[in-house]
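Following: one structure in structure tokens, then a few remarks.
All values below come from the heavy atoms of this structure, side chains included, with hydrogens, waters and symmetry mates left out.
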Amino acid sequence: MKYDLHVIIWVLLGFLFSSCGDTPGRVISKDYQIIEGETMGTYYRVTFDKKGLDDVKPKVDSILRQLNLEVSTYIPQSTISRFNQSDSLFNLNTNPVSGTADSYPNGHFIRNYKKALEIYHETDGYFDATVMPLVNYWGFGYTEKRKVENVDSLMVDSLLQYLGMDKVELQRFDDTDILIKALPGVKLDFSALAKGYGVDLVGQLLTDMGVQHFLVDIGGETLAKGQSPRGDAWKLGINVPEESAAMDEIQTTVPLQDRALATSGNYRNYYEINGQKYSHTINAKTGYPERNTLLSASVFAKDCMTADAYATAFMTMGVEQAKKLASELAGIEAYFIYGLPDGAMAVSYTDGLAEFFTTND
């Protein structure tokens, strides 16, 4: 999984603002500590109370390592890599990774697949986990990283035949889960929701351990529960969506309590050829990197997996269509930053966020 720098969200906690430099397990207040590590090509950072829980980091590392063994396209023997390499039928019970979700063979993979299918239908195909062949073609996938100097429109058109979640079907025969491909070239990519899912996994782990106050952050995808060390809601910042902006340059801040926040954008992970920019967000309907006025989409949801997926989908839809859908979805709120013809930036957000942003923007 690639690390998209544009989704960094900085935790604003006053004296905790520089917490990125803390060593794993360091106590940052009387009752809170931070653990840190690496996963999915990026960082993770968990801030939580219960400072005496010394066994948290090994458990977090274990569950994230397990997740990668199922959904990382950069691990050749992961479940998703083996599926992508298969021809037509893929037995999810063959060589399952041990110790999977709820002791169910490849449970993490299946949960990502089912959520991807759900969001695919909710967004009318703007979120499409079968986009992997095009991600590879444009140089943003697990194959050779390269710039496409000469676009082959016939190749792009030919790859579209492999897209669509209707090209993959999950069936169960005699207690065996089988994924059926419509065509051998169909491949899956869960990178647009797996980090969010990982955040939820860590959050559930902490809850099961009796932790009531925590902030889980994996590469900028976050889940907040309870209170911050200051005794109020956690406060997070959304980056300024400009290529020249510093990583800690904040567009706005928002309180976050008992819900998740994920941000997606196109202003960092891209390449440029002959003055034209190609971003990593691929429109599954056209086959090309998406180009619209939307610079970043921040989504609030009950769980981070859902927020992560919708943030990606909204980037391909554009601000008007994305805001319309976000306003119709139960439990979803969204904050959009988009460009104007004169080069300035503007913001738009769903009604449920008015109380947070009216005074900030």
Side-chain angles (χ1 to χ4, degrees), residues 4 6-13 45-47 115-116 118-119 122-123 126-127 192-204 206-207 213-228 232-241 250-265 281 294-338 345-361:
D4 298 334
H6 61 264
V7 295
I8 293 227
I9 300 176
W10 293 87
V11 182
L12 303 178
L13 293 172
R45 183 181 304 114
V46 184
T47 308
K115 176 60 73 170
E118 172 193 326
I119 306 297
E122 290 286 355
T123 62
Y126 278 98
F127 182 91
L193 73 169
K195 277 194 298 184
Y197 176 72
V199 169
D200 294 332
L201 281 180
V202 176
Q204 187 59 55
L206 294 171
T207 299
H213 308 283
F214 60 79
L215 179 71
V216 180
D217 174 2
I218 298 182
E221 320 296 29
T222 56
L223 174 67
K225 293 290 184 181
Q227 297 180 335
S228 74
D232 57 3
W234 302 86
K235 289 183 173 61
L236 289 88
I238 297 173
N239 283 133
V240 173
I250 301 300
Q251 170 77 20
T252 190
T253 62
V254 59
L256 195 67
Q257 193 168 43
D258 298 329
R259 61 177 171 177
L261 170 61
T263 296
S264 187
T281 301
L294 187 54
L295 301 175
S296 74
S298 298
V299 178
F300 300 76
K302 182 179 179 180
D303 64 276
C304 199
M305 187 185 199
T306 298
D308 198 3
Y310 276 119
T312 299
F314 290 162
M315 287 303 301
T316 65
M317 297 172 73
V319 63
E320 292 184 6
Q321 190 174 356
K323 184 178 179 181
K324 182 178 183 297
L325 177 59
S327 299
E328 296 170 351
L329 292 167
I332 297 293
E333 302 291 346
Y335 179 90
F336 305 105
I337 306 175
Y338 60 98
M345 290 189 298
V347 301
S348 183
Y349 42 80
T350 52
D351 292 343
L353 297 179
E355 62 177 307
F356 299 134
F357 292 119
T358 300
T359 58
N360 287 350
D361 303 312

Once rounded to the nearest 0.5 Å, what's the spacing between atom [atom1] of [X] and atom [atom2] of [Y]?
{"X": "Phe300", "Y": "Thr222", "atom1": "CZ", "atom2": "OG1", "answer": "8.5 Å"}
{"X": "Leu223", "Y": "Asp308", "atom1": "CG", "atom2": "CG", "answer": "12.0 Å"}
{"X": "Asp303", "Y": "Leu201", "atom1": "CG", "atom2": "CG", "answer": "11.0 Å"}
{"X": "Ser264", "Y": "Tyr310", "atom1": "OG", "atom2": "OH", "answer": "15.0 Å"}
{"X": "Leu353", "Y": "Thr252", "atom1": "CG", "atom2": "OG1", "answer": "10.0 Å"}
{"X": "Leu294", "Y": "Lys323", "atom1": "CG", "atom2": "NZ", "answer": "12.0 Å"}

Verify, without hydrogens or angle tests, whether [X] (side chain) and [Y] (backbone) share a donor-acceptor contact under 3.5 angstrom.
{"X": "Asp258", "Y": "Gly226", "value": "yes"}
{"X": "Asp217", "Y": "Arg45", "value": "no"}
{"X": "Gln227", "Y": "Ala233", "value": "no"}
{"X": "Glu221", "Y": "Lys195", "value": "no"}

Validation row: [X], [Y] side chains within 4.5 angstrom (heavy atoms):
{"X": "Phe127", "Y": "Leu193", "value": "yes"}
{"X": "Gln251", "Y": "Tyr335", "value": "yes"}
{"X": "Leu206", "Y": "Lys225", "value": "no"}
{"X": "Ser327", "Y": "Asp351", "value": "no"}
{"X": "Thr306", "Y": "Ile332", "value": "yes"}

* Taking ring pair (Phe, Tyr, Trp, His ring centres under 6.0 Å) as the test, write out the residues that go with Phe336, two or more places apart. =>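 For Phe336, the residues satisfying ring pair (Phe, Tyr, Trp, His ring centres under 6.0 Å) (neighbours in sequence not counted) are Phe314.
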* side chain to side chain contact (heavy atoms under 4.5 Å, CB included) assessment of Tyr126 paired with Leu325 -> CA-CA 12 Å; Tyr126 278 98; Leu325 177 59; over 6 Å; no
If you take all heavy atoms of [X] and [Y], which pair is closest and at what distance?
{"X": "Ile119", "Y": "Ala309", "value": "CG1-CB, 3.9 Å"}
{"X": "Ala311", "Y": "Ala297", "value": "CB-O, 3.8 Å"}
{"X": "Asp200", "Y": "Met305", "value": "OD2-N, 2.9 Å"}
{"X": "Gly198", "Y": "Ile218", "value": "C-CD1, 3.7 Å"}
{"X": "His213", "Y": "Trp234", "value": "C-CZ2, 4.2 Å"}

* side chain to side chain contact (heavy atoms under 4.5 Å, CB included) with Glu320: which residues, sequence neighbours excluded? ->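 Testing Glu320 for side chain to side chain contact (heavy atoms under 4.5 Å, CB included), a comparison that skips the adjacent residues, returns none.
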* Full working for side chain to side chain contact (heavy atoms under 4.5 Å, CB included) between Thr253 and Lys235 -> CA-CA 7 Å; Thr253 62; Lys235 289 183 173 61; 5.5 Å; no
* For Ser298, which of Leu236, Thr263, Ile337 qualifies under side chain to side chain contact (heavy atoms under 4.5 Å, CB included)? ->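 Only one option passes, and that is Thr263.
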* **Polar contact flag, side-chain donor to acceptor under 3.5 angstrom, Asp232-Ser228** =>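 Yes - a donor-acceptor pair under 3.5 Å links their side chains.
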